[in-house]
Amino acid sequence: MARMPRAAYATEPTDLARALIGQRLVRVLDDGTRLAGAIVETEAYLGEPDRAAHTFGGRRTRRNEAMYARAGTAYVYFTYGMHHCVNIVCGEVDEPVAVLIRALEPTEGLERMAAHRARARRPRDLCSGPGKLCQALAIDRGLNGIDLTRDGRLFVEIVGDGPIEPGRLVNTPRIGVGSSGDWAHRPLRWALAGCEHVSGPRRLGRPPRAPTNGA
DNA sequence: CCCGTGATTTAT
DNA sequence: TAAATCACGGGG
């Protein structure tokens with residue numbers, strides 16, 4: 001199974017955010033257990049000019065240092081005293097841009113994921129949010145700064161041959177960035193239309209239209 | 001709707 | 001040093 005190469009990450013965050021939808025995020029645990037899911041929701045963070053980004057204004061701190069590394073680096077941070085979120089760094093070296101992975105449709109190792117997430121009652125509760133998917137896949141700061149093109153513990157596998165059709169995506173403002181002025185409204189989130197594994201209260205877009213009889 | 005939870009950032 | 005913030009999730 002082909003792993004996503006460096007060149008695929010070395011692009012603009014808006015392009016990577018779309019290109020990642022439908023690809024497979026894979027986590028291999030220390031005991032060899034393989035956990036995986038299809039990426040169904042992403043957000044682009046545009047770096048220095050982006051008020052909602054951790055690197056807004058060129059801020060460079062111990063926490064966000066990985067965002068300044070080369071494309072294909074993982075940026076994992078801890079927030080709200082209990083949650084982790086995982087991003088994939090893209091763009092050029094020293095251009096602190098990244099894509100946040102917000103939701104997966106779990107495909108491998110669901111039983112193990114459920115053990116990591118005691119409160120999840122159904123498959124759609126396992127990975128339908130950035131904190132949930134990190135808990136399900138056991139992603140924490142131990143993976144911050146790793147190279148997703150080389151590391152055996154976390155990587156993206158290419159599914160299919162080409163990007164998903166634009167018509168299957170919905171594009172909305174980002175979640176949870178309310179106090180970022182103008183940047184709060186910019187449509188920098190993408191999700192698979194009608195997918196029940198997407199985060200948030202509402203299902204976005206419509207499922208691919210099922211044929212109904214016209215009467 | 002509100003609140004836990006604690007690292008990180010920002011203001012004194 | 002102290003206060004505010006926080007790319008969230010769970011339970012009413």
Side-chain angles (χ1 to χ4, degrees), chain A residues 9 12-18 20-21 25 37 39-69 73-91 95-106 113-145 148 154 170-191 196-204:
Chain A
Y9 294 123
E12 294 189 4
T14 50
D15 289 334
L16 181 62
R18 283 173 288 208
L20 283 172
I21 302 287
L25 183 68
I39 298 171
V40 298
E41 180 182 352
T42 58
E43 284 177 355
Y45 285 85
L46 275 44
E48 188 162 338
D50 181 355
R51 285 195 87 81
H54 290 167
T55 50
F56 171 63
R59 285 193 300 258
R60 184 169 186 160
T61 66
R62 183 133 77 274
R63 177 177 66 156
N64 69 21
E65 182 61 29
M67 282 193 68
Y68 289 83
T73 299
Y75 169 44
V76 182
Y77 67 90
F78 181 71
T79 191
Y80 288 104
M82 59 188 102
H83 302 297
H84 295 271
C85 294
V86 61
N87 297 252
I88 301 179
V89 176
C90 54
E95 182 196 12
V97 295
V99 172
L100 172 68
I101 309 300
R102 285 197 56 91
L104 307 176
E105 174 181 344
M113 292 186 201
H116 292 159
R117 281 186 46 69
R119 281 173 196 67
R121 313 200 59 78
R122 348 193 252 311
R124 67 202 267 187
D125 299 325
L126 292 173
C127 299
S128 53
K132 294 178 191 178
L133 74 91
C134 284
Q135 189 179 18
L137 302 202
I139 294 170
D140 64 19
R141 281 168 296 178
L143 300 179
N144 185 40
L148 300 184
L154 187 67
V170 288
N171 179 214
T172 79
R174 293 173 292 186
I175 305 293
V177 297
S179 58
S180 303
D182 192 27
W183 285 86
H185 316 302
R186 304 251 316 234
L188 294 171
R189 171 182 181 235
W190 285 268
E196 66 170 358
H197 295 90
V198 167
S199 72
R202 58 199 187 279
R203 304 272 77 80
L204 287 138

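Not measured: the values here are computed from a predicted model. Note on naming: letters A, B, ... go to the chains in the order of the sequence lines (proteins, then strands), and numbering restarts at 1 for each one.
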| Stacking check: are the rings of A:Tyr80 and B:dT5 less than 5.5 Å apart at their centres and under 30 degrees in tilt? | no
| remark: Residues in residues 52-61 of chain A with a heavy atom under 4.0 Å of DNA chain C, by number, are A:Ala52, A:His54
| note | Rounded to whole Å, NE2 of A:His83 lies from P of C:dG10 at a distance of 7 Å
| query | Roughly how far apart are A:Tyr68 OH and A:Thr73 OG1, rounded to 0.5 Å? | reply | 14.0 Å
| request: Could you state the atom-to-atom distance from CZ of A:Arg174 to P of C:dC8 in whole Å? | output: 11 Å
| task | Round to a whole Å and report the spacing from CG of A:Leu133 to P of C:dA7. | result | 16 Å
| task | Round to the nearest Å and state the distance from A:Asn87 atom CG to C:dC8 atom P. | result | 11 Å
| request: Under the salt bridge (charged side-chain N to carboxylate O under 4.0 Å, His left out) rule, collect the residues that match up with A:Arg60, sequence neighbours excluded. | output: A:Glu65, A:Asp94
| said: Measuring from the side chain of A:Arg63 (C-beta onward, heavy atoms only), which nucleotide among C:dG9, B:dT8, B:dG4 has the closest atom? | reply: B:dT8
| field | Residue that, paired with A:Val86, satisfies side-chain contact (heavy atoms from CB on, under 4.5 Å) out of A:Leu137, A:Leu148, A:Leu133, A:Leu143 | value | A:Leu133
| said: If the test is side-chain hydrogen bond (donor to acceptor under 3.5 Å, both in side chains), which one of A:His84, A:Arg117, A:Arg119 qualifies with A:Gln135? | reply: A:Arg117
| Expressed in whole Å, how much space separates the C1' atoms belonging to C:dG10 and B:dT8? | 24 Å
When the side chains of residues 52-59 of chain A are checked against the rest of the protein, which donor-acceptor pairs come out under 3.5 Å, sequence neighbours left out?
from	atom 1	to	atom 2	distance (Å)
A:His54	ND1	A:Tyr75	OH	2.7
A:Thr55	OG1	A:Pro96	O	3.0

| With a non-hydrogen cut-off below 4.0 angstrom, is A:Gly81 in contact with a base, only sugar-phosphate, or nothing? | base
| note | Heavy-atom nearest nucleotide on DNA chain B taken for A:Arg62 and for A:Thr79; more 5' hit belongs to A:Thr79
| said: Work out how far the C1' atom of B:dG6 is from that of C:dG12, and round it to whole angstrom. | reply: 24 Å
| query | For the pair made of CG in A:Asn144 and P in C:dA7, what is the distance, rounded to whole Å? | reply | 15 Å
| message | Going by the rule salt bridge (charged side-chain N to carboxylate O under 4.0 Å, His left out), which residues pair with A:Arg18 if we only count those two or more places apart in sequence or in a different chain? | response | A:Asp15
| said: Set out, in order, the CA-CA distance, both residues' side-chain angles and the distance that settles salt bridge (charged side-chain N to carboxylate O under 4.0 Å, His left out) for A:Glu43 and A:Arg174, then state yes or no. | reply: CA-CA 7 Å; A:Glu43 284 177 355; A:Arg174 293 173 292 186; 5.4 Å; no
| Hey, are the side chains of A:His197 and A:Pro106 touching, using non-hydrogen atoms and a 4.5 Å cut-off? | yes
| request: Can you figure out which of C:dA7, C:dG10, B:dT5 approaches the side chain of A:Met82 most closely? | output: B:dT5
| Taking atom C1' of B:dA7 as reference, at what distance in whole Å does atom CG of A:Asp140 sit? | 14 Å
| note | Looking only at C:dA7, C:dG10, B:dA7, the nucleotide nearest the A:Phe78 side chain is B:dA7
| message | By the 4.0 Å heavy-atom rule, please label A:Arg141 as base, sugar-phosphate, or nothing. | response | sugar-phosphate
| What nucleic acid atoms does A:Arg119 come within less than 4.0 Å of, heavy atoms only: base, sugar-phosphate, or nothing? | sugar-phosphate
| If we only count heavy atoms from C-beta on, is the A:Asp140 to A:Val76 side-chain gap below 4.5 Å? | no
| query | In whole angstroms, how far is the C1' atom of C:dG11 from the CG atom of A:Asp125? | reply | 13 Å
| note | When rounded to whole Å, the NE2 to C1' distance for the pair A:His84 and B:dG6 reads 11 Å
| task | Could you measure between the two P atoms, the one in B:dA7 and the one in C:dG11, and give it in whole Å? | result | 23 Å
| remark: Applying salt bridge (charged side-chain N to carboxylate O under 4.0 Å, His left out) to A:Arg122 and not counting sequence neighbours gives A:Asp125
| Pairing pattern in dot-bracket form [Watson-Crick, G-U; both distances under 3.5 Å; | = partner strand] for DNA chain B | ||||.||||||.
